[in-house]
Amino acid sequence: MSWDIKKRNWSATIVTISTAIFALVSIVSVFISITTWQTQREAARPYLTLKESPSIYLTDQLSFEFKFNNVGTHPATNLASKTIVFDENLLEEPILVDDHTVVNDIPRDTTTSLLLSIKSADFLQADINPEFLVICLSYADPITRKMYSQTIYTKWAGVIAQKPQPLIHAEVSEKQKILDYLQFHHLLKSKN
């Protein structure tokens, strides 16, 4: 009879250990599934990119047209932008601070435009000094109900001999100087 009891205890121990291992594997599987699901949801978020080089028009005013394309899977809603234009020397007040909002959703692979116009007679001369253009975008993902923000740092070489120069991305070495300028002029909510 003692052999029978030992056999039962051994069997019960094996069953208990097997159940514990199965429970542990199940917990790890659930954790991996949740992490993968969260990663996939985050990868599907809306994300705005410049579709092409911004257009620059010089007539009786200076205009920049930026075309943003939503390359994310989810639509972008409540798009708001704050654009700040200031001299490359970082010594003067901003030339333009423009807030803009878009009412409509921006679905996947859809483009929306941002048009900036500067009409200042003091600014519009034969030659215009190089300028920084900083565009702070914020928008929501209606599926995950998360807010996202992006900041685009660009540099414009200005106007030389009445010809508008192209717009390029600012260099990494210039970013901190730009952030300090924006902070000094109270134009930045947080450093990003």
Side-chain angles (χ1 to χ4, degrees), residues 42-43 45-72 74 76-103 106 111-141 144-192:
E42 188 64 27
R45 65 164 273 200
Y47 190 80
L48 300 176
T49 62
L50 286 171
K51 185 171 182 172
E52 53 197 46
S53 292
S55 301
I56 303 168
Y57 308 103
L58 184 60
T59 56
D60 62 332
Q61 65 182 9
L62 177 64
S63 300
F64 298 92
E65 182 181 14
F66 295 88
K67 292 184 180 180
F68 292 100
N69 191 39
N70 181 4
V71 295
H74 296 171
T77 59
N78 302 322
L79 173 63
S81 70
K82 180 174 200 157
T83 306
I84 307 152
V85 180
F86 51 97
D87 197 286
E88 177 189 45
N89 68 20
L90 305 173
L91 299 175
E92 301 170 21
E93 290 289 319
I95 295 159
L96 176 72
V97 177
D98 181 63
D99 293 313
H100 183 74
T101 55
V102 176
V103 174
I106 305 161
T111 301
T112 188
S113 291
L114 172 63
L115 185 63
L116 303 172
S117 297
I118 302 173
K119 298 178 184 180
S120 172
D122 296 336
F123 178 66
L124 294 174
Q125 308 158 10
D127 290 340
I128 300 174
N129 293 334
E131 307 287 331
F132 284 114
L133 282 87
V134 177
I135 303 171
C136 303
L137 302 171
S138 65
Y139 48 89
D141 180 336
T144 63
R145 293 187 172 94
K146 281 187 174 182
M147 288 295 297
Y148 294 98
S149 62
Q150 289 175 241
T151 303
I152 300 168
Y153 302 91
T154 61
K155 187 175 183 177
W156 178 53
V159 175
I160 300 172
Q162 297 183 344
K163 289 189 177 185
Q165 302 302 302
L167 198 69
I168 59 172
H169 291 283
E171 295 179 21
V172 172
S173 62
E174 297 169 316
K175 183 178 179 182
Q176 190 57 51
K177 293 175 191 174
I178 294 169
L179 291 172
D180 291 343
Y181 174 88
L182 296 174
Q183 195 74 32
F184 178 78
H185 289 283
H186 307 289
L187 296 167
L188 192 64
K189 291 180 186 173
S190 63
K191 292 188 177 190
N192 48 336

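Note that the structure is predicted; figures quoted are calculated from it, not measured.
Residues Ile56 and Leu62 form a side-chain contact, since some pair of their non-hydrogen atoms from C-beta on lies under 4.5 Å apart. Taking the side chain as every heavy atom from C-beta outward, Asn89 and Asn129 never approach each other to under 4.5 Å. Using a 4.5 Å heavy-atom cutoff, the side chains of Val102 and Tyr139 are not in contact.
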Run Leu167 and Phe66 through side-chain contact (heavy atoms from CB on, under 4.5 Å) and show every step you take.
CA-CA 11 Å; Leu167 198 69; Phe66 295 88; 3.4 Å; yes
Might you work through the side-chain contact (heavy atoms from CB on, under 4.5 Å) test for Leu48 and Leu79, ending with a clear yes or no?
CA-CA 10 Å; Leu48 300 176; Leu79 173 63; 3.7 Å; yes
Using side-chain contact (heavy atoms from CB on, under 4.5 Å), reason through Arg45 and Lys146 one step at a time and then give a plain yes or no.
CA-CA 9 Å; Arg45 65 164 273 200; Lys146 281 187 174 182; over 6 Å; no
Kindly determine whether Ile152 and Leu137 satisfy side-chain contact (heavy atoms from CB on, under 4.5 Å), including the steps that lead there.
CA-CA 8 Å; Ile152 300 168; Leu137 302 171; 4.1 Å; yes
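The OG1 atom of Thr83 sits 10.5 Å away from the CG atom of Leu115 when rounded to the nearest 0.5 Å. Here Ile160 contributes atom CD1 and Ile128 contributes atom CD1; the two are 10.5 Å apart, rounded to the nearest 0.5 Å. Rounding to the nearest 0.5 Å gives a distance of 8.5 Å between CG of Leu187 and CD of Glu93. The distance from atom CD1 of Ile106 to atom CG of Asn78, rounded to the nearest 0.5 Å, is 10.0 Å. The structure places OG1 of Thr111 at 8.0 Å from CD of Glu52, a figure rounded to the nearest 0.5 Å. Note that CG of Leu116 is 5.5 Å distant from CG of Asp98, once rounded to the nearest 0.5 Å.
Across all non-hydrogen atoms, the minimal contact from Pro46 to His74 is CB-O, 3.4 Å. Closest heavy-atom contact between Pro164 and Val159: CA-CG2, 4.1 Å. Listed here is the closest heavy atom pair of Ala76 and Asn70: N-ND2, 3.6 Å. Looking at every heavy atom in both residues, Lys163 comes nearest to Gln165 through O-NE2, 2.9 Å.
Aromatic ring pairs are classed by plane angle as parallel below 30°, tilted from 30° to 60° and perpendicular above 60°; the pair Trp156 and Phe64 is perpendicular. Ring planes of Tyr181 and His185: tilted class, angle from 30 to 60°.
Checking side-chain atoms of Thr112 against main-chain N and O of Phe68 turns up no donor-acceptor pair under 3.5 Å. Glu131 contributes a side-chain N or O that, together with a main-chain N or O of Asp87, makes up a donor-acceptor pair within less than 3.5 Å. When atom types are taken as modelled, the side chain of Glu171 and the backbone of His169 share no donor-acceptor pair closer than 3.5 angstrom.
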